[in-house]
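To keep things clear, I will list the structure first and then write my remarks on it.
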There are 2 protein chains.
Amino acid sequence: MAIASIKEVAKLASVSVGTVSNVLNRPDAVSPATRERVLNAMNELGFVRNESARALRSGRTRTMGLVVLDVTNPFFTDVAKGVEAVAADNGMIVTLCNSDQDGPREHRYLRHLEEQRVQGILITPVERENERLEQIIERGTPVVLLDHRATRRNRCSVAVDDVLGGRLATEHLLGQGHRRLGFVGGSWSISQVAERHKGAVQAVEAAAAAASRPGSRETESAEASRAGGSAAACGTGGSAEAPSLTLIDVPSLSFASGRHAAERLAAMPGPDRPTALFCANDLLALGLMHGLTAAGLRIPDDVALIGYDDIDYAAAAAVPLSSIRQPRAELGRVAAELLLEEIDEGERHRHRQVLFDPELVVRASSGRR
Amino acid sequence: MAIASIKEVAKLASVSVGTVSNVLNRPDAVSPATRERVLNAMNELGFVRNESARALRSGRTRTMGLVVLDVTNPFFTDVAKGVEAVAADNGMIVTLCNSDQDGPREHRYLRHLEEQRVQGILITPVERENERLEQIIERGTPVVLLDHRATRRNRCSVAVDDVLGGRLATEHLLGQGHRRLGFVGGSWSISQVAERHKGAVQAVEAAAAAASRPGSRETESAEASRAGGSAAACGTGGSAEAPSLTLIDVPSLSFASGRHAAERLAAMPGPDRPTALFCANDLLALGLMHGLTAAGLRIPDDVALIGYDDIDYAAAAAVPLSSIRQPRAELGRVAAELLLEEIDEGERHRHRQVLFDPELVVRASSGRR
DNA sequence: CGAAGCGGCTGAAACGTTTCACAACCAGTT
DNA sequence: AACTGGTTGTGAAACGTTTCAGCCGCTTCG
């Protein structure tokens, strides 16, 4: 029942435990003959190294922790794949934890990871401020923030510029001639949501400013200046209105939330309803699409839709979904590399903040009006 | 840098290490006064229990391993959630490993899990026969097979009846009047694929047998007998043909594979092309939908489609996708419970094979012709 | 011929816990 | 006063590794 230990292997092979340990860790420090003998003994006994003992004595594990907000979200699974690939290349394995956007849960996992003495932690935190995480860093475990910009310079982070992403999406909708925009989001404690919203606000304000001084040269962006052009040509009216951004609050960034929000939107009188929605998330957008369609609204004719993340299914949706694409696996890879770097370099590590640019992907759901 | 040990806590609180260990593990075996003193010392030093030492000494970890074929597949993430919920309720955490349908990778993860001395392993194996897994079981680590029926009675398994699922899907397509059916699948070493195919073959053969003795009472199933009825009524021709099942082989059960397969199918002359496709997987079906639509074929008019798994996005697809639904989170929960049971009971555990029934979900992609 | 160097191996200490036998004390009973 | 029993606490042994000083026998060099 109990698995054989190094000691029994040593006895069977008539060597000392030190030698057995050597064939495990420094195989060429032992002569081929004895090495063979030891390996045979191991096979015969079905020896499996005890990682706990090894970790205890050597003081280092071969594990890194990855804490994500939602394992069900393809964004995070792609990131996880990137992380895992790098980890595997360096002989490490990753313990994947799902905080499910729940603070106490996250807390529990962090404690467990620290007790396991993982070499480092990659995390998308639920809350911006996190005492536990702070302590973990103080006690010396490297932490890399994932998809979350480090505000202070005291740690590494890998993120995509969400403000830029929000601006891209919104400028695109404005460029399609929309003026009554809506931002659908929730879980505001998640910084990505707030930042995407911020980008949307920036884009709308810029457009409003440009509209209020009609003769002035627009410098915002190519997309924004195209907005002016198409508005003039489009003539559906409304383009002359000052652009507005309604906030549609949802409890979570899920498919179900989107469907519920759709019911509320469908119940609004047409003239109040935004003609274009920017969703904080593709899942949300897909739920919205489903709900709006069920309520008899056409996409993009009645309501244009753009999501965020460009998950695989975005292209396969009822109306192919426009979205903002993030380099997901890349994000995971770079994060893991940064973590490994910090683990290696220890004290003399210089923290870095890597920021990727997102990319606008236009599909039918936000097609020209 | 180094985290404080129990010894330093003991010194600061002026107690023995045994007492510190007691406040950790049997808090009410120590008087409130000293307990308080010890807790304060822990706080002051930022003590974090060393799980390696604990595991080494006590001989038990608080971890179970979960090895899945693809973390990117919503089926497995839902299962994982179920597992995790049960684990958390019992104070355990789960190490999630992604074999990516790769044998050597799976092997590496299994070795790691055994070295970690996990309390038990939940796994959907890549190959039916798996020597490593066999050894692990022999050495005493409980293993529960997930989504994979145990052939021998020597272990627990939790699965959904894939043969039944295959039959349900196929009988449904036959019931819609289709006669030239196709089964799209790959990775045949995965038993689910083979079993779904087997169910499809059974349904087709039953229908063929029924057709060849026209006057006989059909006893196959309600769905199958409706097939005969609708065939007579439908009159699109072809219903009188003997039903056939073409095998369309794909390299993997992914969205991309589906798109490639769609190109091959679109290139076939119309009369040869199946009028209805049963896909081993929703991802595959969605890829197929995307590819077929891009090639100008209409769904379900030119080709009817049914997938398997009923992932969230199935309902949100361009044409809402018919599918076979499995009780996913339930699967994970029951599997984890079975594992915990086996961990508890040890030697005197009686292995059980739990089999869930899948459910047919009809949507537009396989609508009546 | 003695010293130095080297490859191969040994033996024991150490890592941070848990566990367990037992000591110390106090209260209550005879 | 001598037991009994219960509650708190102690101290040391163990868990299975890694690591390291050092030993042995052999070759090489001066």
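First the proteins, then the strands, lettered A, B, ... as listed; each starts at 1. These values consider heavy atoms only, across backbone and side chains, with no hydrogens, waters or symmetry-generated copies.
- Straight-line distance from the CZ atom of B:Arg54 to the C1' atom of D:dA14: 17 Å, rounded to whole Å.
- Atom CZ in A:Phe47 sits about 10 Å away from atom P in D:dG16, given to the nearest Å.
- Counting to the nearest Å, the C1' atom of D:dG11 and the NZ atom of B:Lys11 are 17 Å from each other.
- For A:Asn25 and D:dT18, the shortest distance from a side-chain N or O to OP1 or OP2 is below 4.0 Å.
- At the heavy-atom level, B:Ser5 lies under 4.0 Å from the strands shown only through sugar-phosphate atoms.
- A side chain to side chain contact (heavy atoms under 4.5 Å, CB included) with A:Arg35 holds for exactly one of A:Asn40, A:Val30, A:Asn22, A:Thr19; it is A:Val30.
- Nearest heavy atom pair, residue A:Met92 against residue A:Leu340, reads SD-CD2, 3.6 Å.
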Could you write out each protein N or O paired with an N or O of nucleotides 6-13 of chain C at a distance under 3.5 Å?
from: C:dC9; atom 1: OP1; to: A:Ser31; atom 2: OG; distance (Å): 3.3
from: C:dC9; atom 1: OP1; to: A:Thr34; atom 2: OG1; distance (Å): 3.1
from: C:dC9; atom 1: OP2; to: A:Ser31; atom 2: N; distance (Å): 3.0
from: C:dC9; atom 1: OP2; to: A:Thr34; atom 2: OG1; distance (Å): 3.1
from: C:dT10; atom 1: OP2; to: A:Ser16; atom 2: N; distance (Å): 2.8
from: C:dT10; atom 1: OP2; to: A:Ser16; atom 2: OG; distance (Å): 3.0
from: C:dT10; atom 1: OP2; to: A:Thr19; atom 2: OG1; distance (Å): 2.6

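- In this structure, the side chains of B:Thr124 and B:Gln192 come closer than 4.5 Å at one or more pairs of heavy atoms.
- Of the charged side-chain nitrogens involved, none lies within less than 4.0 Å of a carboxylate oxygen, so that A:Glu114 and B:Arg49 do not count as a salt-bridged pair.
- Side chains of B:Asn73 and B:Thr77: a donor-acceptor N/O pair is absent below 3.5 angstrom, by distance only.
- Atom CD1 in A:Ile3 sits about 10 Å away from atom P in D:dG16, given to the nearest Å.
- To the nearest angstrom, C1' of C:dG16 lies 15 Å from CD of A:Gln116.
- If you take CD of B:Glu51 and C1' of C:dT17, they are 10 Å apart, rounded to a whole angstrom.
- Under the 4.0 Å criterion applied to side-chain N and carboxylate O atoms, B:Glu337 and B:Arg333 are not assigned as salt-bridge partners.
- Looking only at atom types and distance, the side chain of B:Asn130 has a donor-acceptor partner in the side chain of B:Glu106 under 3.5 Å away.
- A:Leu56 has its CG atom 12 Å from the P atom of D:dG16, to the nearest Å.
- Straight-line distance from the CD atom of A:Glu8 to the P atom of D:dG16: 8 Å, rounded to whole Å.
- Note that the two end axes of the helix from C:dC1-D:dG30 to C:dT30-D:dA1 enclose an angle of 60°, each drawn from 5 base pairs, rounded to 10 degrees.
- At the phosphate of D:dT18, neither OP1 nor OP2 sits under 4.0 Å from any side-chain N or O atom of A:Arg26.
- A donor atom on one side chain and an acceptor atom on the other are found under 3.5 Å apart for B:Ser252 and B:Ser254.
- Salt bridge absent: A:Glu8 and A:Lys11 never bring a charged side-chain N and a carboxylate O closer than 4.0 Å.
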